**Student:** 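The structure's right below; bear with me while I get my questions together.
Since the model is a prediction, treat every value here as computed from it, not as a measurement. Sequence lines set the chain letters: A, B, ... in the order given, protein chains first and strands last, and positions in each chain run from 1. We use all heavy atoms of the structure for the numbers below, so side chains are in, but hydrogens, waters and symmetry mates are not.
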There are 2 protein chains.
Amino acid sequence: MKKSLSIKEIAALSGVSVATVSRVLNDNGRFSEETRQKVLKVIKENNYQVNSIAQTLRSQRSTTIGMIVPDIKNGFFANLINQIEATLFTRGYSTIICTTDKDSAKETAYLKALDAKLVDGLICISGQEYLDLSVMSRRIPLVCIDRNPNVKGEVGFVQSDNLTGGTVASQHLISEGCQQIAIVSKSDGPSSIQKRVEGAVNEINQHPNVNYQLLLSDRKDLSNYARGVDIAKELVKQTQPVDGVFATNDWLAWGIIQGLKDHGVHVPTQVKVVGYDNDDICEILQPSLTTISQNIPELAEEAANLLLKMIHIDNGNDGVIEKKRVPVELIVRDSA
Amino acid sequence: MKKSLSIKEIAALSGVSVATVSRVLNDNGRFSEETRQKVLKVIKENNYQVNSIAQTLRSQRSTTIGMIVPDIKNGFFANLINQIEATLFTRGYSTIICTTDKDSAKETAYLKALDAKLVDGLICISGQEYLDLSVMSRRIPLVCIDRNPNVKGEVGFVQSDNLTGGTVASQHLISEGCQQIAIVSKSDGPSSIQKRVEGAVNEINQHPNVNYQLLLSDRKDLSNYARGVDIAKELVKQTQPVDGVFATNDWLAWGIIQGLKDHGVHVPTQVKVVGYDNDDICEILQPSLTTISQNIPELAEEAANLLLKMIHIDNGNDGVIEKKRVPVELIVRDSA
DNA sequence: CTGAAAGCGCTTACAG
DNA sequence: CTGAAAGCGCTTACAG
């Protein structure tokens, strides 16, 4: 591999000291315009590229942040990751994305790797369990999105307003005339999903004439879609038929719709269905899916800004926890 | 931020030199079992974490690879990224994922950042244009997936067998009795997609009784799905109706199916449709989509292994280009 | 089996 | 305005 030039060689070629080259590079400190031109010329001519590793070691700042995410294939996460990364990039930070695949050993290994790489901050998205930061050798600014950290000390916390999301979903079904509502979710979901259920239940409880039942799939072996199909089988067996379903994600919702259809139950005329996430699939399905849309741009912006703020303040160890709650939006389509 | 301990402090606490601590850490060089135990004990007790940045600067090896990808939201890319990253991780490498959003300025900026971070290698996935590596200050092992690099020197090249993919798609339609086939794609697609079209055309040309037409959407403002709907409008207007469609991705295929349905044309009885990628949506749609599945695990494995091989050989500058071509598979479902 | 020392490529007080 | 020098935390010949 061709060796790249160092600041030392640039200095020699420019006839100045390495200190001066460094100053020009960082536009920091005083130097004559003439010197600057001279150095910049040599840098250009030699395609010099600064060595960030050396910078990081020296300055103890990596301008890199680590991002822990359970699953990159999920559309919601992919969007969120993409936007956070884009925001951080415009602010001069690189992002190392670590996909844990919900494997806590992998999560720990990644945390150590990020620690060793001196990342300036950490963003953790969702995840099944409490976040165990005891493996870190340093205290590091941390922002969690939809996840409860078990960390003492300063943690930023950005949440989508899942509680309201559930509430709005129920409200919509009720306003459409539903009186027997099934709330369908997964028994193994993270707290963000449980909040959706909680919101939906709370709302229904405000309406004495509306009943609900909770159906939690524990079929970890199935995809969300397949779980929905599976749950639909339960639904059609019931003596008191449901007329509304709130599913805590869109794939689940679509599985339910298809499962119901297989049993001759039509959506939305016989049963109305509301999903969650406003996944890309919502628009292309027939019936298209009524759903709750999370504000991904705002979640990304809040998380990135909060982390950057924490990095720059770097007050280190007082236990202040900043929280942001980002609104959601009901999107009405054909299914309810 | 709490400062982490250095090897120097571990050395002091263990009563040995930093050299010895380093040896124990890397299990490299000779030392007594007693020394090892002593040092390891201190490391454990103090939750010592090695500083990879210092290691990298010293050894000029970062055990980090960079990955340039056009779009993380695309299911095919997301899967591929995920699997490459997982493979590299088991081999001790971290992966920095850089999403270019098809913006070449962003691509250049990322390339520079990766260069500055001393990544040991680079994987580039797809992308619209030739890859411009002139911004790199070093020669670096590079593997391209479905992308033509314009680089002199050693480049690994892993491709999905897009040509055969197109061929197989046509074959299937023909074997299902189609005689008027529309090949639908995007005018702005990368070469990997053009290969699919080429394969499909070649195959049809083998069959004198089968005709085809090529429809390329140039509506960059539309999603793939919307482009499909749009194209379907063209299709139904034609005097000689088509009875088969090959679309170069699944979302496009689904748009066509929905567009045809809107005009009263039924799939698969009147028109048969084959998509490409075997996206997660294929199974949940009705009709479910017949498609060409790329072998993502093998693509990931080949790319990762090839890159690792190049890194370890590091022969640097002979112009050998390794190529791998990964087979695809026809998956027959309801739409054709 | 172990240590002293050089050096990876930078930044930044300190001195002038 | 500029340079000499220390030091970030490691690894690795070299010497013993």
Side-chain angles (χ1 to χ4, degrees), chain A residues 1-40 42-43 46-64 113 115-120 137-138, chain B residues 1-40 42-43 46-64 113 115-120 137-138:
Chain A
M1 183 178 340
K2 193 186 74 184
K3 210 173 159 318
S4 57
L5 288 85
S6 73
I7 210 177
K8 200 164 150 191
E9 291 156 296
I10 298 297
L13 291 168
S14 315
V16 298
S17 71
V18 295
T20 298
V21 175
S22 174
R23 289 190 189 105
V24 170
L25 237 25
N26 297 296
D27 207 11
N28 144 25
R30 250 153 288 280
F31 41 79
S32 69
E33 185 55 26
E34 188 196 344
T35 304
R36 150 186 268 139
Q37 297 297 350
K38 203 166 49 182
V39 171
L40 250 28
V42 175
I43 284 176
N46 294 277
N47 195 22
Y48 167 77
Q49 171 66 54
V50 72
N51 182 324
S52 312
I53 296 295
Q55 284 182 316
T56 297
L57 181 59
R58 173 60 228 237
S59 64
Q60 301 291 317
R61 293 186 57 243
S62 61
T63 55
T64 298
D115 187 22
K117 283 193 198 302
L118 304 187
V119 294
D120 293 336
S137 70
R138 310 171 295 146
Chain B
M1 186 180 334
K2 190 185 74 182
K3 209 173 160 319
S4 56
L5 288 86
S6 74
I7 210 177
K8 200 164 147 193
E9 292 154 297
I10 297 298
L13 290 169
S14 313
V16 297
S17 71
V18 295
T20 297
V21 175
S22 174
R23 290 190 188 106
V24 170
L25 236 26
N26 297 297
D27 206 10
N28 145 24
R30 251 155 286 283
F31 39 79
S32 69
E33 185 54 28
E34 188 195 344
T35 303
R36 149 186 268 140
Q37 296 297 350
K38 202 167 48 181
V39 172
L40 251 26
V42 175
I43 285 176
N46 294 278
N47 195 21
Y48 168 77
Q49 171 65 55
V50 72
N51 181 326
S52 313
I53 296 295
Q55 284 182 316
T56 297
L57 180 59
R58 173 59 227 239
S59 64
Q60 300 291 315
R61 293 186 57 241
S62 61
T63 56
T64 299
D115 188 22
K117 283 192 200 299
L118 304 188
V119 294
D120 293 335
S137 71
R138 310 171 295 146

**Student:** What closest approach, in Å, do A:S14 and A:K38 show between heavy atoms, and which atom pair accounts for it?
**Tutor:** O-CE, 3.4 Å

**Student:** Considering only nitrogen or oxygen atoms on both sides, find all protein atoms under 3.5 Å from nucleotides 13-16 of chain D and state each distance.
**Tutor:**
| from | atom 1 | to | atom 2 | distance (Å) |
| --- | --- | --- | --- | --- |
| D:dA13 | N6 | B:R23 | NH2 | 3.1 |

**Student:** For the CG atom of B:D120 and the CD atom of B:Q60, what is their distance to the nearest 0.5 Å?
**Tutor:** 10.0 Å

**Student:** Check B:V18, B:V42, B:V16 against B:I10 for a side chain to side chain contact (heavy atoms under 4.5 Å, CB included) and give me the one that passes.
**Tutor:** B:V42

**Student:** Just how far, in rounded Å, is P of C:dT12 from CG of A:L57?
**Tutor:** 13 Å

**Student:** For A:S62 versus A:V119, what's the shortest heavy-atom pair and its separation?
**Tutor:** OG-CA, 3.4 Å

**Student:** Taking all non-hydrogen atoms of both residues into account, name the closest pair between B:N47 and A:S137 and its distance.
**Tutor:** O-CB, 3.7 Å

**Student:** Once salt bridge (Lys or Arg N to Asp or Glu O under 4.0 Å) is applied, do any residues pair with B:R36, and if so which ones, sequence neighbours excluded?
**Tutor:** B:D27, B:E33

**Student:** Can you tell me if the side-chain N/O atoms of A:S6 get under 4.0 Å from OP1 or OP2 in C:dG9?
**Tutor:** no

**Student:** Select base, sugar-phosphate, or nothing to describe what B:S52 touches, counting heavy atoms under 4.0 Å on all strands.
**Tutor:** nothing

**Student:** With respect to the phosphate group of C:dC8, does any side-chain polar atom (N or O) of B:S59 fall under 4.0 Å of OP1 or OP2?
**Tutor:** no

**Student:** Could you work out the separation of D:dG16 and D:dT12 based on their C1' atoms and round it to a whole Å?
**Tutor:** 16 Å

**Student:** Between D:dC8 and A:Q60, is there an OP1 or OP2 to side-chain N/O distance shorter than 4.0 Å?
**Tutor:** no

**Student:** Using every non-hydrogen atom in the two residues, find where B:E9 and B:S4 come nearest and quote the distance to one decimal.
**Tutor:** OE1-O, 4.2 Å

**Student:** Output yes when at least one side-chain N/O atom of B:Q55 is less than 4.0 Å from OP1 or OP2 of D:dG9, else no.
**Tutor:** no

**Student:** On the nucleotide D:dT11, are OP1 or OP2 found under 4.0 Å from the side-chain N or O atoms that B:N28 carries?
**Tutor:** no

**Student:** Within less than 4.0 Å of OP1 or OP2 of D:dT11, is there a side-chain N or O belonging to B:S22?
**Tutor:** yes

**Student:** Counting only side-chain N and O atoms of B:Y48, is one of them less than 4.0 Å from OP1 or OP2 of D:dG9?
**Tutor:** no

**Student:** Is a donor on one side and an acceptor on the other found under 3.5 Å between the side chain of B:S17 and the backbone of B:T20?
**Tutor:** yes

**Student:** Given that B:E33 and B:A54 both sit by DNA chain C, which one's nearest nucleotide is further toward the 5' end?
**Tutor:** B:E33

**Student:** Search all heavy atoms of A:V50 against all heavy atoms of B:A116 and return the closest pair with its distance.
**Tutor:** O-CB, 3.3 Å

**Student:** Think B:T20 has a side-chain N or O under 4.0 angstrom from the OP1 or OP2 of C:dG3?
**Tutor:** yes

**Student:** Both distances under 3.5 Å, Watson-Crick or G-U wobble: on that basis, could you give the dot-bracket string for DNA chain D, with [ ] for crossing pairs and | for other-strand partners?
**Tutor:** |||.||||||||.|||

